[in-house]
Asker: 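Take a look at the following structure, please.
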Amino acid sequence: MEHLKTGMYVEVDGVTVSYGKVLNQFCPAGWYGIIYYIQTSWQEGQEKHAAIVEKMVRQFEEQSYDHGSEWVEQRREIIQQDKMSQTSIVSFRIRDIH
């Protein structure tokens, strides 16, 4: 068996960020489409978290172009904040650009 990754991480502005796809059935009511969570440490503060989420959303959109369709952000919300971390979820819809 191949090595299994247990999580996806990226460094943004010196901050380690955990992120991944969320199945629609695990999202709050009213959320649909392509949904990702983005999580930072609570130590980063709300403003830094928001700036990181913004950068990642723009990167997802930028790299999503595929043969005439692309991702477009629909909704964004901080769903969890505690003494350990902050987590946002972001939904995207696929836009046909033909």
Asker: In the single-linkage hydrophobic clustering (I, L, V, M, F, W, Y; side-chain heavy atoms under 4.5 Å), do F26 and Y19 co-cluster?
Answerer: no
Asker: Can you list the steps and then say if F92 with V72 is a side chain to side chain contact (heavy atoms under 4.5 Å, CB included)?
Answerer: CA-CA 5 Å; F92 299 90; V72 177; over 6 Å; no
Asker: Can you list every side chain to side chain donor-acceptor pair (under 3.5 Å) pair that touches residues 51-61, not counting sequence neighbours?
Answerer: D13-K55, E54-R58, E54-R76, R58-E61, R58-E73, Q59-Q63
Asker: Quick check for you: to the nearest 0.5 Å, what is the distance between I78 atom CD1 and Q39 atom CD?
Answerer: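 Those atoms lie 12.0 Å apart.
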Asker: To the nearest 0.5 angstrom, please state how far the OG atom of S69 sits from the CZ atom of R93.
Answerer: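 Reported value, rounded in 0.5 Å steps: 11.5 Å.
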Asker: Restricting to side chain to side chain donor-acceptor pair (under 3.5 Å), what partner residues turn up for T16, sequence neighbours left out?
Answerer: none
Asker: Distance from I38 atom CD1 to S18 atom OG, nearest 0.5 Å?
Answerer: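 If we round to the nearest 0.5 Å, I38:CD1 and S18:OG are 10.0 Å apart.
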Asker: Enter the distance from K83:NZ to S41:OG here, rounded to the nearest 0.5 Å.
Answerer: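 So the NZ of K83 and the OG of S41 are separated by 14.0 Å.
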Asker: Decide whether V12 and I89 are clustered together by the hydrophobic rule: side chain heavy atoms of Ile, Leu, Val, Met, Phe, Trp, Tyr closer than 4.5 Å, transitively.
Answerer: no
Asker: What pairs with Q80 under side chain to side chain donor-acceptor pair (under 3.5 Å), at least two apart in sequence or on another chain?
Answerer: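 If we apply the side chain to side chain donor-acceptor pair (under 3.5 Å) test to Q80, skipping adjacent residues, the hits are D82, S85, T87.
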Asker: Rest of the hydrophobic cluster containing W42 (Ile/Leu/Val/Met/Phe/Trp/Tyr, side-chain heavy atoms under 4.5 Å)?
Answerer: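 Joined to W42, directly or through intermediates: none.
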Asker: Just wondering, do V17 and Y9 contact through their side chains at under 4.5 Å, heavy atoms?
Answerer: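 No - every pair of side-chain heavy atoms lies 4.5 Å or more apart.
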Asker: Going by the salt bridge (Lys or Arg N to Asp or Glu O under 4.0 Å) test, which pairs reach into residues 32-46, not counting sequence neighbours?
Answerer: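 Sorted pair list comes back empty.
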Asker: Can you sort out the partners of Y37 under ring pair (Phe, Tyr, Trp, His ring centres under 6.0 Å), two or more places apart, ordered by chain and number?
Answerer: none
Asker: Quick one: side chains of residues 28-36, donor-acceptor pairs under 3.5 Å with protein atoms, not counting sequence neighbours, listed by atom name and distance.
Answerer:
unit_1, atom_1, unit_2, atom_2, d
Y32, OH, Q74, NE2, 3.2

Asker: Group every Ile, Leu, Val, Met, Phe, Trp and Tyr by side-chain heavy-atom contacts under 4.5 Å, then state whether I79 and V90 land in the same group.
Answerer: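 Different clusters.
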Asker: Is atom CE of M84 surrounded by more than 12 heavy atoms (other residues, nucleotides or ligands) closer than 6.0 Å?
Answerer: no
Asker: Under 3.5 Å, which donor-acceptor pairs do the side chains of residues 45-53 form with other protein atoms, sequence neighbours left out?
Answerer:
unit_1, atom_1, unit_2, atom_2, d
H49, ND1, T40, OG1, 2.8
H49, NE2, S88, OG, 2.7

